[in-house]
Every structure is written in C-alpha cells, then in structure tokens.
Number of protein chains: 2
Amino acid sequence: MINLSVRRSSEPSHPGAAHAALQQMATEESGALCLEAFGSPFHFKKGNADLDAIRRHALGRRSFRPHTEMLNQNEIARDVLMIVDGLACTYHLLDDGRRQILSFCLPGDLIGIAGSPHAPLGYAAAAITNVAVAVLPQDRLLPIARTNPDFAMSLTRAVIASQALSQHHLTNVGRRTARERVASLLLELYCRVQGVSGTAAGEIQLPLTQEEIGDALGLTHFHVNRVLRALRNDHVVEFVNRVLRVLDVDRLSEEAGVEPGLFLSQAA
Amino acid sequence: MINLSVRRSSEPSHPGAAHAALQQMATEESGALCLEAFGSPFHFKKGNADLDAIRRHALGRRSFRPHTEMLNQNEIARDVLMIVDGLACTYHLLDDGRRQILSFCLPGDLIGIAGSPHAPLGYAAAAITNVAVAVLPQDRLLPIARTNPDFAMSLTRAVIASQALSQHHLTNVGRRTARERVASLLLELYCRVQGVSGTAAGEIQLPLTQEEIGDALGLTHFHVNRVLRALRNDHVVEFVNRVLRVLDVDRLSEEAGVEPGLFLSQAA
DNA sequence: CGTCGGGTTGACCCTTTTCAAAAAAAGTGG
DNA sequence: CCACTTTTTTTGAAAAGGGTCAACCCGACG
C-alpha cells in the first residue's frame, strides 16, 4: 500500500561530482549536510512578513534527498524546519503500513513545531523532491518569543494557517466523493504552488505519484488513477509525467466543490 | 443528512424562573447573556498553566443554548471563545448540506482564533449542550501578546494541540475502517472528558447523537448505529442513552488501533 | 538488456450508503 | 401527568462507490 523505502535522513549522501558547485552554494551558515540541485519550481520566492520574521531566526540549513525521512513520528523533534526549497509531506504511519499524508509542504511551510517540548512529535515528515530547509531549534522558540513578541504571533498565525488546511483536508476525506477529493487536492496544489513560485501559467510541475495522492485523500492509487483518467476525459485537468495542467480552473473548483479563492489566501 | 435547525445564537433566550439563581452565578464579569444551569459533567475543573494564562485575559462570558450557532463560517470572527462549560463542536458545512464535524470542544478548548484578522473564519461552531464560554476579542490578542510573550506561546501551544487532534482525525477518517473510527473517537472522548472532569469512572456522560458521531467520522448515522451495536455485542463499549460505558479500555484502544495514552496527554 | 518503480486496466468483492419504515425517546404544551 | 410532535435509534433490503487482486505496459536506470 505504501512506499516503505524511506531511508533514514542520517544516511550519508553520495552526491555526484557534477553537483559539487551547487552543494557549495547550499552550504551556507552551518555544517549541515547539503546536496543536490536547487533549480526546482518549488523555491521560496516572495516572502510574507510572518515567514520572514520566523526565517530570520533560523540557525542553519539542511538538505534532504528525495524519499528521506525529515522528522520521525516517535522521536521528540529537536528542530522546527521551514521549507526553503522543494516539496515534502507530513504523514502518520499505522502499524500495519497504512499511511495518511497530512499535508504537502511547500516553501514557507513550517514543520515539526512541538506542543510540549519533550513529547514525541506524533507525525513524520519526508522529502518528496530534494528539499532544503531552514533550521530553528525548538528550545530557541521561547527565548526568541520573549524578546520579540511579534515572532510568537507570527508563529501562531503560521500554525493556524496550517490547521485551516488540515481541517479542509478532513472535510475532503470525510465528506466528499473520490472525484471531488482529487479535484480539490489538485486545485489546492495548483494554487499553492503558483503562490510560492509566483508564476501563473496553466500548468505546474507536480512531482507526486498517484500513490501519494491516494495516501493524502484516503483512496487507493488504483482509484486515483481511474479518477484522474475521468477528469482528463472530461477536459478538466491533465496530470501526466509529473505535470499538472489545469484546463479549466472554474470547472475544477466546481468539481472540487470549493469556493475559488480558498487556497489563494494561503499565498497572501 | 444533517440537522439544519441550528438557531442563531443572537436569539433571545427564555430561561425558566427556576434557573434565575444559577444565571446570576454565571453572570460574572460582563453583561453577557447568561442562562441555564451549569451542573454539567463538562465543567472546567483543573486548569493547566497555558489555559489559565489565556483565560485570565478574557473580557467576559457568554452562554449558548443547545443547537445554537456560536461562530459562523462565513463571517469574520470578532472573538476567540474558550469553552468553560459544556460541549460544542466545530464543523464545515457544504453547499448541499453535507457536514463534517472537525472537532468536539470541551472545557479548555479555544475556538475561533483567526489567522488573518479580517478573513472569514472558514469553519462554524455550534453548541451541543448548554455552553458557557470566556470571550477574548480577536483584536486584543496582539496587544496582549506584545506585553506578555508567554501568553503568545500559550496560544501557540493551544493551537498546536488542537491541530494534533485534527490530524489524528484526518488519519482516522482517511485510513481506518468504520469500526476503528468509532472506537477511536469514543476512546478519544472518553479520555478527554475524564481529563477535564477529573473523574475516572468506567463511564461518562456523552450527549452526542449517532448522527453527530457519523458527521465527525465520515460515516452515515445508519452505519454508526450498526457499528455501535457490534461493539456492544462484543463487549467493548456500550453507548446508550447518552452514556458511554467503556467495558474494556485496552480492548477499545486495540480496536481503535491507537497507542493507549495518546489522548491522555491532552489532559496534561 | 533486465530490473524496478510507477502507471493502467479489468474483473470481482465488500464495506458502506441509500432508501423505506417502524420503534423508542425526548420534548412541548395543556 | 397526559396527548402530541419531533428527534433519534433501529432494522432490512438493495445499490454503489471504492477496494482488492492479478496482470501488463512503459520509461528510467544500472
């Protein structure tokens, strides 16, 4: 049902020699392991005030290769990570292998904020593409907040925004048909990716497998495949070769059953 | 499919004369409309530091009768509400009447915190029983946070805790069977109610309809009924007459597929 | 050139929904 | 305290939306 081949992030990486220059570029402040290219369509373009406020306090950078685990759901998370480049996801993994993807994480998203400082995180995070993150040690949050009150509110707003998305997903999975769910997720990703990349073409790069889509929507990848085909036949969206082409945005949001503009506010 | 008979909360209330004394008791700080009795099993017993920090800044109180709307999903929320007594829920309402309950709100829970100060809330909230809340105007959050950094972090932690619950629900609905979902929700409510009420009996008052349970779990109330019967036949839990009796906690958490103690941390 | 991760398809099965209807409970007003 | 109404719970039968399983295809990659 799921791809369990997620490698531990602590594994040493073996970047090809050709990538050396880019790695240098990425190895800014800290001695974190940095690798791979950063020409992805998922780069942090325009910042909003809150995110910049948070990012300003980051202590370093780290990078992750595709399909590596960024946060473990049973360990206490030492650091909060802000995605700077690339695509990741957070998820729950059940004992028998079932997986629920909780969110797809784009540049600007925060992952790993813990409620209690020494409790396990409760969810895992993994890189989907190459991912670069800014690192913010968990135990620096309170000190920073004390000297910088706006920082704390920025943090709060970031968490609230991400919860609004979680709730949207819950409604999706709980009360919508497979077709509506797929339409809704594609619309969401289309809007969010355009939001962070600043572009506005009719298509985006979307390096997701149908299995990942299914794990986010509570469907099997078989059924995702069927729905995708139907959506393509009906000239709503095409999702082939990791490219999502939206043929008719209004139609898509109609199919999804969401008010257009729901996801645009995310990018504000 | 859903009960659309939610009355506007602005309706004047008509408390019986017998309740006068109790009303007085409840009308503490402000001229808010207060009514009805407060002998419910859902009363704010033991506070944790964060919640007290937040509640300390509340400006007044309000009460809601059962099935009245507390927050509207299309309006901008003026106030943040902290439940002090009673049971409420937050939900999304789709155009065609489908409803997804996002969370059940017990004393200590915060609802209505807005990410952007002037955007619609995105979800609604309704009282299930009589509900008493502490009111905290949205626009006081930032001023308070500025002079009191710990308040902001308390707020952040409260939102994080509630997001953890949302995510748990998402996994429930997306990747678990009907039986697992019902078991999981009952276990959650059992633990949370005992947490806030401070009791530890084998049963709790749980004034929910099967329809509400279904709307929270992405099931029809017909199927909830059948699952409930099966669980009763198997001597795991009994849920009759608004009373939830847990016959075997370990068995229940096993059925739910969650590690026992997941929800206990909520009450900490 | 052979393996491997994804995508695609069809047939079949099963969990859950839908619909109709009745019984039980809970309010409401007199 | 009793009729009367409205919710809520319960049950059965039938339909359907998705899941399961078994293949096969394809391009990427070593």
Side-chain angles (χ1 to χ4, degrees), chain A residues 1-7 14 16 18 65-67 96-100 128-129 172-183 206-233 238-244, chain B residues 1-7 14-16 36 65-68 96-100 126 128-130 172-183 205-233 237-244:
Chain A
M1 166 165 278
I2 64 144
N3 179 2
L4 286 172
S5 68
V6 171
R7 280 151 274 161
H14 308 284
R65 300 201 323 192
H67 303 294
D96 58 2
R98 283 177 290 181
R99 176 176 67 164
Q100 174 67 46
I128 293 175
T129 64
N172 242 9
V173 172
R175 282 303 183 214
R176 288 203 239 254
T177 67
R179 186 177 170 109
E180 291 171 323
R181 292 182 213 181
V182 172
L206 192 62
L208 292 180
T209 67
Q210 298 181 353
E211 185 173 55
E212 286 162 335
I213 294 177
D215 280 350
L217 296 178
L219 300 169
T220 61
H221 67 276
F222 300 105
H223 201 60
V224 169
N225 183 285
R226 287 186 265 259
V227 171
L228 247 20
R229 168 156 42 95
L231 250 18
R232 193 186 324 131
N233 285 339
E238 287 174 10
F239 180 48
V240 278
N241 278 115
R242 313 292 151 92
V243 172
L244 173 69
Chain B
M1 163 166 279
I2 63 144
N3 178 2
L4 286 172
S5 69
V6 171
R7 280 152 273 161
H14 306 286
E36 239 78 24
R65 301 200 324 193
H67 304 293
T68 54
D96 59 3
R98 283 176 290 182
R99 175 176 69 163
Q100 175 66 47
I128 293 176
T129 64
N130 285 315
N172 242 8
V173 172
R175 282 303 184 215
R176 287 201 239 254
T177 65
R179 186 176 169 111
E180 290 171 325
R181 293 182 213 181
V182 172
Q205 293 282 122
L206 192 62
L208 291 180
T209 67
Q210 297 181 356
E211 185 172 54
E212 287 162 334
I213 294 177
D215 281 349
L217 296 178
L219 300 169
T220 61
H221 68 277
F222 300 104
H223 201 60
V224 170
N225 183 283
R226 285 186 261 262
V227 171
L228 247 19
R229 168 156 41 94
L231 250 18
R232 193 186 323 134
N233 285 338
V237 287
E238 287 174 8
F239 180 49
V240 278
N241 278 115
R242 312 294 150 93
V243 172
L244 174 69

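Being a predicted model, the structure only gives us computed values, none of them experimental. By convention in this document, chain letters (A, B, ...) are assigned in the order of the sequence lines, proteins followed by strands, and residues within each chain are numbered from 1.
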Trainee: Does D:dT8 have OP1 or OP2 sitting under 4.0 Å from an N or O in the side chain of B:Thr209?
Mentor: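 Result: no.
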Trainee: In the structure I gave you, are the side-chain heavy atoms of B:Thr209 and B:Arg242 within less than 4.5 Å of one another anywhere?
Mentor: yes
Trainee: Can you find a side chain N or O atom of A:Asn241 that sits less than 4.0 Å from OP1 or OP2 on C:dG7?
Mentor: no
Trainee: Looking at B:Asp96 and B:Arg98, would you say the former's side chain and the latter's main chain have a donor-acceptor pair under 3.5 Å?
Mentor: yes
Trainee: Taking side chain as C-beta onward, heavy atoms only, is A:Val182 less than 4.5 Å from A:Phe239?
Mentor: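 With C-beta onward as the side chain, the pair stays apart.
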Trainee: Expressed in angstrom and rounded to an integer, what is the separation of B:His67 atom NE2 from D:dT7 atom P?
Mentor: 10 Å
Trainee: With sugar-phosphate meaning primed atoms plus P, OP1 and OP2, does A:Gly218 contact a base, only sugar-phosphate, or nothing at under 4.0 Å between heavy atoms?
Mentor: sugar-phosphate
Trainee: Could you check how far NE2 of A:His221 sits from P of D:dG18, rounded to whole Å?
Mentor: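 Distance, rounded to whole Å: 17 Å.
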Trainee: Using only side-chain N and O atoms of B:Gln210, determine if any of them is under 4.0 Å from OP1 or OP2 of D:dT7.
Mentor: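 Result: no.
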Trainee: What is the separation between atom CZ on B:Arg176 and atom P on C:dT16, rounded to the nearest whole Å?
Mentor: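 Nearest whole value for this atom pair: 14 Å.
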Trainee: Taking all non-hydrogen atoms of both residues into account, name the closest pair between B:Ile128 and B:Pro66 and its distance.
Mentor: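 Heavy-atom minimum between the residues: O-CB, 3.3 Å.
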Trainee: Hey, does B:Leu219 reach any base, or is it just sugar-phosphate, or nothing, if we go heavy atoms under 4.0 Å?
Mentor: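 Sugar-phosphate: the residue B:Leu219, judged by heavy atoms under 4.0 Å, touches backbone atoms but no base.
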Trainee: Under 3.5 Å, which protein N or O atoms sit close to an N or O of nucleotides 9-11 of chain C? Give each pair with its distance.
Mentor:
| from | atom 1 | to | atom 2 | distance (Å) |
| --- | --- | --- | --- | --- |
| C:dT9 | OP2 | A:Arg229 | NE | 2.6 |

Trainee: Could you tell me whether the side chain of B:Arg176 and the main chain of B:Arg181 form a donor-acceptor pair under 3.5 Å?
Mentor: no
Trainee: Grab the CG-P distance between B:Leu206 and D:dT9 for me, whole Å please.
Mentor: 11 Å
Trainee: When B:Ile213 is tested against each of B:Val227, B:Leu208, B:Leu219 for side chain to side chain contact (heavy atoms under 4.5 Å, CB included), which residue passes?
Mentor: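 Testing each of B:Val227, B:Leu208, B:Leu219 against B:Ile213, the sole residue satisfying side chain to side chain contact (heavy atoms under 4.5 Å, CB included) is B:Leu208.
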Trainee: Donor-acceptor pair, distance only, cut-off 3.5 Å: does the side chain of B:Gln100 make one with the backbone of B:Asp215?
Mentor: yes
Trainee: Whole angstroms only, please: what is the CZ-P distance between B:Arg98 and C:dT16?
Mentor: 18 Å
Trainee: Whole-Å distance between D:dG18 P and B:Arg175 CZ?
Mentor: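 Taking CZ of B:Arg175 and P of D:dG18, I get 13 Å after rounding.
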Trainee: Tell me the interatomic distance from B:Leu228, atom CG, to D:dT8, atom C1', rounded to whole angstroms.
Mentor: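 Spelled out: CG on B:Leu228 to C1' on D:dT8 is 13 Å.
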Trainee: Take atom CD1 of A:Ile128 and atom C1' of C:dG6, then tell me their distance rounded to the nearest Å.
Mentor: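 My rounded result for the distance is 15 Å.
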Trainee: At under 4.0 Å between heavy atoms, what does B:Arg242 touch on the DNA or RNA strands: base, sugar-phosphate, or nothing?
Mentor: sugar-phosphate
